[in-house]
Amino acid sequence: MALDKTYKLVPGTTIFDAEQSAKGYHLNQFCMSLMTAENRASYLADERAYLDAWPLREEQKRALLDRDLNAAMREGGNIYFLAKWGATLGLSFQQMAGSMTGMTEQEYRAMMVGGGRSVEGNRIDHAVLEAAYAASAPPAEQAVVTGAVFTSHVPAIGAAMDHHKTEEPYWKPVFDGYEYSRQWQRENLPDVIFLVYNDHASTFDLSLIPTFVLGTGAAYATADEGYGPRPVPGIESDPDLAAHIAHSLIRDDFDLTLVNEMTVDHGLTVPLSLMFGDVEQWPCKVIPFHVNVVQYPVPSGARCFELGRALRRAVESYDRPLKVQVWGTGGMSHQLQGPRAGLINRDWDNAFLDRLVNDPAGLARLPHLDYVEQAGSEGIELVMWLIARGAMSDIDGGGTVETKHRFYHVPASNTAVGHLILENHPRAETPGTEE
Ligand SMILES: O=C(O)c1ccc(O)c(O)c1
């Protein structure tokens with residue numbers, strides 16, 4: 001099913017969606033720069049020079065220099081951003097809106113005083129709408145979810161790699177547990193990894209606490225968490241697929257926060273290091289997806305599981321033949337605070353791994369309190385694994401999953417390390433028979 005963008009058919013209207021946002025990113029950010037008196041003064045002193053300092057397309061600069069707001073909208077501008085530019089020129093919202101209608105300022109004002117523009121004659125053409133619905137055939141090609149990787153993301157694992165300690169007796173058993181994984185990953189390299197992790201007060205401090213964050217930008221640098229950024233590459237993303245997923249998930253009632261600029265911390269980089277080793281560049285694209293598990297209330301396992309189910313629908317409605325893996329990271333049992341720090345619960349962790357494979361819907365009903373009591377305060381990170389599990393094809397009866405690898409080890413720093421690889425076989429392909 002192609003995504004419904006029938007809002008594009010409303011006459012005389014540009015809906016600002018992720019597509020427009022990507023197109024107008026720098027234009028809108030330029031507008032934001034006009035929120036200081038100093039910048040407004042330097043813009044007004046030499047508009048062309050100011051615009052030339054921004055990575056804008058010539059059409060975008062032209063639109064502003066010509067005071068043509070319709071052209072600016074076509075070029076991805078959004079009215080609330082452009083209003084900062086308009087205010088700099090001394091324009092009111094009414095003057096800006098009126099300038100897009102082909103009416104004089106006085107005519108537009110008079111129309112508004114007279115009750116505003118009538119909706120009569122300004123609705124969608126029904127024939128056009130019907131034709132759009134009739135033409136919405138399933139895509140000829142589609143993306144598929146090929147597997148899920150679940151792994152802890154303990155920062156000390158990254159530090160052990162960065163400081164060449166992987167052969168030391170303390171660390172060797174941890175890295176031995178990922179030998180098979182690296183081989184499997186080489187043989188099953190996806191085009192894109194949808195990587196579910198939590199930011200650990202690196203990008204999101206207490207000024208902003210979004211529950212679910214989808215990265216819709218093109219690239220993200222590695223965070224400096226206080227020890228200097230890890231010497232690993234930043235990630236390249238797939239903004240087009242990310243925008244598609246944003247559209248699909250939000251339409252499925254998941255109220256995401258979309259972020260174009262942020263840094264990514266150990267929650268994301270350590271799983272990549274574990275699965276790919278030391279590399280100059282990560283061998284595929286990575287879409288970051290952050291879940292708040294730092295400040296309560298945090299999302300429930302059930303909500304995460306449902307989000308995973310919606311994620312698979314989103315991926316499968318994307319009309320390019322991409323292979324997508326979904327990774328769930330964090331956990332397993334660990335507590336980093338208070339007199340109970342160091343808590344490890346092997347039995348609970350292993351039962352979690354069993355149920356993640358065999359009873360994911362039941363596992364998703366586990367309340368937060370069980371995670372905290374049984375797996376330690378930071379064990380709550382495990383709710384993120386349910387997003388990746390929910391994205392597998394067996395959940396809705398259409399396919400199967402195959403466990404390729406399972407590993408459990410205590411300790412890595414304060415934490416029990418858990419790791420699982422599930423291969424996804426959509427539409428009940430028999431494992432091993434696909435080309
Ligand atoms: O065990 C640890 O040291 C540790 C520290 C920070 C984390 O985010 C984590 O998951 C584990």
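Remember, it's 1-based here, ligands and their atoms both numbered in the order they're listed. None of these values were measured; they are calculated from a predicted model.
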Query - Centroid-centroid under 6.0 Å between Y43 and F30 rings - result: yes
Requested in this report: Around atom 1 (O) of ligand 1, find the nearest protein heavy atom and jot down its residue, atom name and distance.
Outcome: T415 OG1, 2.6 Å
Report summary line: Of all protein heavy atoms, the one nearest atom 3 (O) of ligand 1 is S413 OG, 2.7 Å
**Report entry** Ring centres under 6.0 angstrom apart (H200, H290)
**Finding:** no
**Report entry** Ring center gap for W385 and F305 short of 6.0 angstrom
**Finding:** no
Query raised in the report: Which ligand 1 atoms does H334 reach within 4.0 Å, using its non-hydrogen atoms?
Result: 9 (C), 10 (O), 11 (C)
Query raised in the report: Can you tell me the protein heavy atom closest to atom 7 (C) of ligand 1 and the distance?
Result: P155 CD, 3.5 Å
Report task. Starting from atom 8 (O) of ligand 1, locate the nearest protein heavy atom and write down its residue, its atom name and how far away it is, to 0.1 Å. Result -> H266 NE2, 2.9 Å
Report task. Please report which non-hydrogen protein atom sits nearest to atom 2 (C) of ligand 1, along with the residue it belongs to and the distance in Å to one decimal place. Result -> N414 ND2, 3.2 Å
Report task. May I ask you to check if ligand 1 and H153 share an N or O to N or O distance below 3.5 Å? Result -> no
Query raised in the report: Has F93 got more than 12 heavy atoms of other residues, nucleotides or ligands less than 6.0 Å from its CZ?
Result: yes
Report task. For residues F289 and F194, establish whether the separation of their ring centroids is below 6.0 Å. Result -> yes
Query raised in the report: For ligand 1, which atoms have a heavy atom of H200 less than 4.0 angstrom away?
Result: 8 (O)
Query raised in the report: Checking side-chain hydrogen bond (donor to acceptor under 3.5 Å, both in side chains) for the pair H334/S413: CA distance, chi angles, key distance, verdict?
Result: CA-CA 10 Å; H334 63 308; S413 187; over 6 Å; no
